[in-house]
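To start, the structure under review is shown below, and the notes come after it.
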Amino acid sequence: MATYGKFVFLSLALVGALILSGCAPVAVKNMEGGEAARLYALNCAACHGAAGDGGIGVPLALQDFQSSVTDDYLFRTIRLGRPGRVMPNFSNLRDEEVQSIVRFIRGWAINPPNIVDKPVQGDPLHGKALFGAYCAECHGAGGEGGAGTGVTFSRPRDQPIMAPGLNNIGYLAAASDQVIKATLMHGRDGTPMRSFRRFRVSEQDIDDIVSYVRSFELQAARRQALPPRDARPALVFQSPHDFAKTVHKLKQAMVARNFLVIREGTLESGLVNRSRENQRQWVIYFGNLEFIDKPLRTDPRFGLFLPGRVTVVEQDGVVRVMAANPLVINALFNNDGLAAVIEELYQTYMNVLREAAT
Ligand code: HEC
Ligand code: HEC
């Protein structure tokens with residue numbers, strides 16, 4: 001069990017830490033800004049850019065963004081995140097810490113917003129027709145958002161910034177009617193999001209659209225995240241064959257599916273002195289262009305799991321094949337766009353492991 005534990009630890013602990021920290025260890029260069037700058041650099045900069053210019057996340061330093069949102073919106077967005085849309089929830093931070101991040105982001109604002117919150121009265125049915133005509137091409141017919149997020153290469157080349165999800169439970173809980181309205185009135189200069197006052201859209205039309213966006217709340221509530229159907233951290237099969245034959249069968253199963261065996265070696269390779277490496281803990285890395293390209297285009301952080309890797313372990317005469325469970329890893333990514341890719345990866349691991357162990 002010690003070996004098994006080590007495997008799970010190596011696969012998940014490292015990966016979990018990297019993802020939750022936004023994927024890149026952030027060097028805190030500028031301590032003058034004090035605690036707020038440090039908190040932003042640590043928690044947000046990897047995705048939104050050190051200067052708020054965007055990355056996997058949307059830009060936060062844009063003036064139109066700054067003048068369309070309230071401090072309360074920023075606070076709630078940080079607290080709640082955007083389930084399924086990459087933006088994590090920072091329920092681990094204290095209120096004072098979230099507040100100081102909000103103040104730090106506000107440091108980019110030239111004109112602070114002037115938004116007085118009161119509900120908008122509109123006709124959601126008319127709003128729905130307008131949404132189909134003016135918004136759906138970017139935000140999706142049901143407000144689900146673009147395929148991909150932010151300004152990274154997960155977006156198509158003709159889209160400088162991906163449209164956020166609007167039917168998102170985190171967005172709807174953070175944005176008041178007036179925040180949504182202000183976004184439509186101002187637009188976001190420097191992004192594909194236009195000001196709808198420039199079109200022949202009246203203020204009443206905008207109110208109708210706001211009411212329609214608000215009505216997404218009903219679906220959003222129903223669309224709660226389900227726990228993964230297979231929640232084991234590692235997929236493990238016991239092999240009836242000896243160690244060498246299991247390794248051989250595993251490689252055969254990969255090649256039969258058009259995968260390339262990219263490299264192989266002991267689990268401890270590079271971690272302990274060569275002569276002390278356990279030769280009965282063997283990792284095989286595999287992949288092919290499509291297998292690697294598709295998930296990377298959807299979410300560049302997926303690079304942490306590529307190429308695919310499967311481990312063969314012999315302990316006390318028992319040979320096991322194992323892989324980290326992609327369904328569990330998916331929860332760390334918080335990206336619904338990866339669902340199909342992750343499902344495929346899960347099936348691939350299950351098939352390859354099962355075949356080696358029969
Ligand atoms: C050409 C593409 C495009 C169209 C059309 C478009 N949007 Fe956007 N929208 C975007 C992008 C891109 C952003 C993110 C901008 C940013 O980085 O600040 C955005 C942002 C938003 C936001 C802020 C979301 C958030 O998370 O803060 C709202 C609300 C919004 N759009 C609503 C609408 C509505 C309603 C319509 C139709 C009236 C519409 N948009 C039309 C591309 C578009
Ligand atoms: C793992 C990447 C990631 C991290 C880390 C992250 N964000 Fe985000 N954030 C996103 C993405 C992606 C979106 C847009 C969601 C969408 O496209 O639907 C977003 C959206 C937002 C928005 C809404 C923007 C708008 O246009 O209204 C705010 C505000 C925000 N993030 C602030 C923060 C802050 C502050 C932190 C740090 C405490 C942070 N984020 C950390 C990825 C991230």
Side-chain angles (χ1 to χ4, degrees), residues 19-24 26 36 39-49 52-66 68-69 73-90 92-93 97-98 100-102 104-105 127 130-140 143-152 154-155 158-168 170-172 174-175 179-196 199 201 205-206 208-210 212-213 216 299-301 332-337:
I19 294 177
L20 292 177
S21 69
C23 180
V26 183
L39 286 168
Y40 179 84
L42 202 62
N43 295 293
C44 323
C47 290
H48 289 283
D53 46 346
I56 294 172
V58 290
L60 301 176
L62 285 174
Q63 288 314 306
D64 279 328
F65 168 70
Q66 291 283 345
S68 308
V69 299
Y73 170 79
L74 293 173
F75 186 93
R76 286 172 187 249
T77 300
I78 297 167
R79 263 277 177 270
L80 303 170
R82 302 271 166 98
R85 294 283 302 175
V86 179
M87 168 76 191
N89 72 65
F90 290 88
N92 58 318
L93 295 177
E97 292 175 316
V98 175
S100 63
I101 294 173
V102 169
F104 180 79
I105 293 172
L130 294 169
F131 191 90
Y134 292 110
C135 324
E137 61 167 304
C138 295
H139 289 281
E144 60 276 11
T149 62
V151 298
T152 56
S154 58
R155 63 185 167 72
D158 58 346
Q159 292 268 3
I161 302 176
M162 285 318 294
L166 303 178
N167 70 354
N168 188 277
Y171 176 68
L172 293 168
V179 165
I180 304 174
K181 182 169 179 174
T183 302
L184 299 185
M185 300 288 272
H186 290 289
R188 303 232 175 127
D189 232 8
T191 86
M193 179 68 198
R194 289 155 291 189
S195 157
F196 284 86
F199 297 85
V201 179
D205 286 339
I206 287 187
D208 294 348
I209 298 174
V210 172
Y212 178 60
V213 170
F216 288 146
D299 191 325
R301 296 172 301 161
L332 301 172
F333 277 115
N334 182 30
N335 186 351
D336 284 352

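All ligand and atom numbering here is 1-based and tracks the order in the structure.
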Is it the side chain (CB and beyond), the backbone, both or neither of M162 that lies under 4.0 Å from ligand 2, heavy atoms counted? neither
Only heavy atoms of I56, strictly under 4.0 Å: list the atoms of ligand 2 that pass. 12 (C)
Suppose I only count heavy atoms of I78 and a 4.0 Å limit; which atoms of ligand 2 are within that range? 35 (C), 38 (C)
Side chain proximity check, H48 to V58, heavy atoms < 4.5 angstrom: yes
So which bit of K181 gets within less than 4.0 Å of ligand 1, heavy atoms only: side chain, backbone, both or neither? neither
Please determine if atom 8 (Fe) of ligand 1 has an N/O/S atom from C135 lying under 2.8 Å away. no
Any side-chain heavy-atom pair of H139 and N167 under 4.5 Å: no
When the ring planes of F216 and F131 are compared, do they come out parallel, tilted or perpendicular, using 30° and 60° as the limits? perpendicular
Do you see an N/O/S atom of C44, backbone or side chain, under 2.8 Å from atom 8 (Fe) of ligand 2? no
Near V58 (heavy-atom distance under 4.0 Å), the atoms of ligand 1 are 17 (O)
Smallest separation among heavy atoms of F65 and L60, with atom names: CD2-O, 3.2 Å
Counting heavy atoms only, which part of H139 comes closer than 4.0 Å to ligand 2: side chain, backbone, both or neither? neither
Can you tell which part of I161 has a heavy atom less than 4.0 Å from ligand 1: side chain, backbone, both or neither? both
Do any nitrogen or oxygen atoms of R82 come within less than 3.5 Å of a nitrogen or oxygen of ligand 1? yes
Note: M87, heavy atoms under 4.0 Å from ligand 2, region reported as both
Those atoms of ligand 2 less than 4.0 Å from some heavy atom in G165: 16 (C), 18 (O)
Interfacing atoms of ligand 2 (cut-off 4.0 Å, heavy-atom, I101): 35 (C), 38 (C)
Numbering the atoms of ligand 2 from 1, which are under 4.0 Å from a heavy atom of G57? 10 (C), 11 (C), 12 (C), 42 (C)
I need the single residue from L74, T77, I78, N43 that forms a side-chain contact (heavy atoms from CB on, under 4.5 Å) with V98. Which is it? I78
Checking contacts here: is it the side chain or the backbone of N334 that comes within 4.0 Å of ligand 2, counting heavy atoms only? Could be both or neither. neither
Heavy-atom distance to atom 32 (C) of ligand 2: which of R85, E97, H48 wins? H48
How does Y73 reach ligand 1, by side chain, by backbone, by both or by neither, if only non-hydrogen atoms under 4.0 Å count? side chain
Which atoms from ligand 2 have a heavy atom of I105 less than 4.0 Å away? 35 (C)
With a heavy-atom distance limit of 4.0 Å, tell me whether L166 approaches ligand 1 through its side chain, its backbone, both, or neither. side chain
Are any N, O or S atoms from T183 nearer to atom 8 (Fe) of ligand 1 than 2.8 Å? no
Close side-chain approach of V201 to I206, heavy-atom, < 4.5 Å: yes
Mind checking whether P88 contacts ligand 2 via backbone (N, CA, C, O), side chain (CB onward), both or neither, at a 4.0 Å heavy-atom cut-off? side chain
A student checking ligand 2 against P164 at a 4.0 Å heavy-atom cut-off should list atoms 16 (C), 17 (O), 18 (O)
In terms of atom number and element, which parts of ligand 2 are under 4.0 angstrom from non-hydrogen atoms of R301? 1 (C)
Applying a heavy-atom cut-off of 4.0 Å, say which part of L130 lies close to ligand 1: side chain, backbone, both or neither. neither
Would you kindly specify which portion of L60 sits under 4.0 Å from ligand 2, judged on non-hydrogen atoms: side chain, backbone, both or neither? side chain
Are any non-hydrogen side-chain atoms of I209 and K181 less than 4.5 angstrom apart? no
With a 4.0 Å cut-off on heavy atoms, does Y171 reach ligand 1? yes
Part of L74 with heavy atoms under 4.0 Å of ligand 2, whether side chain, backbone, both or neither: side chain
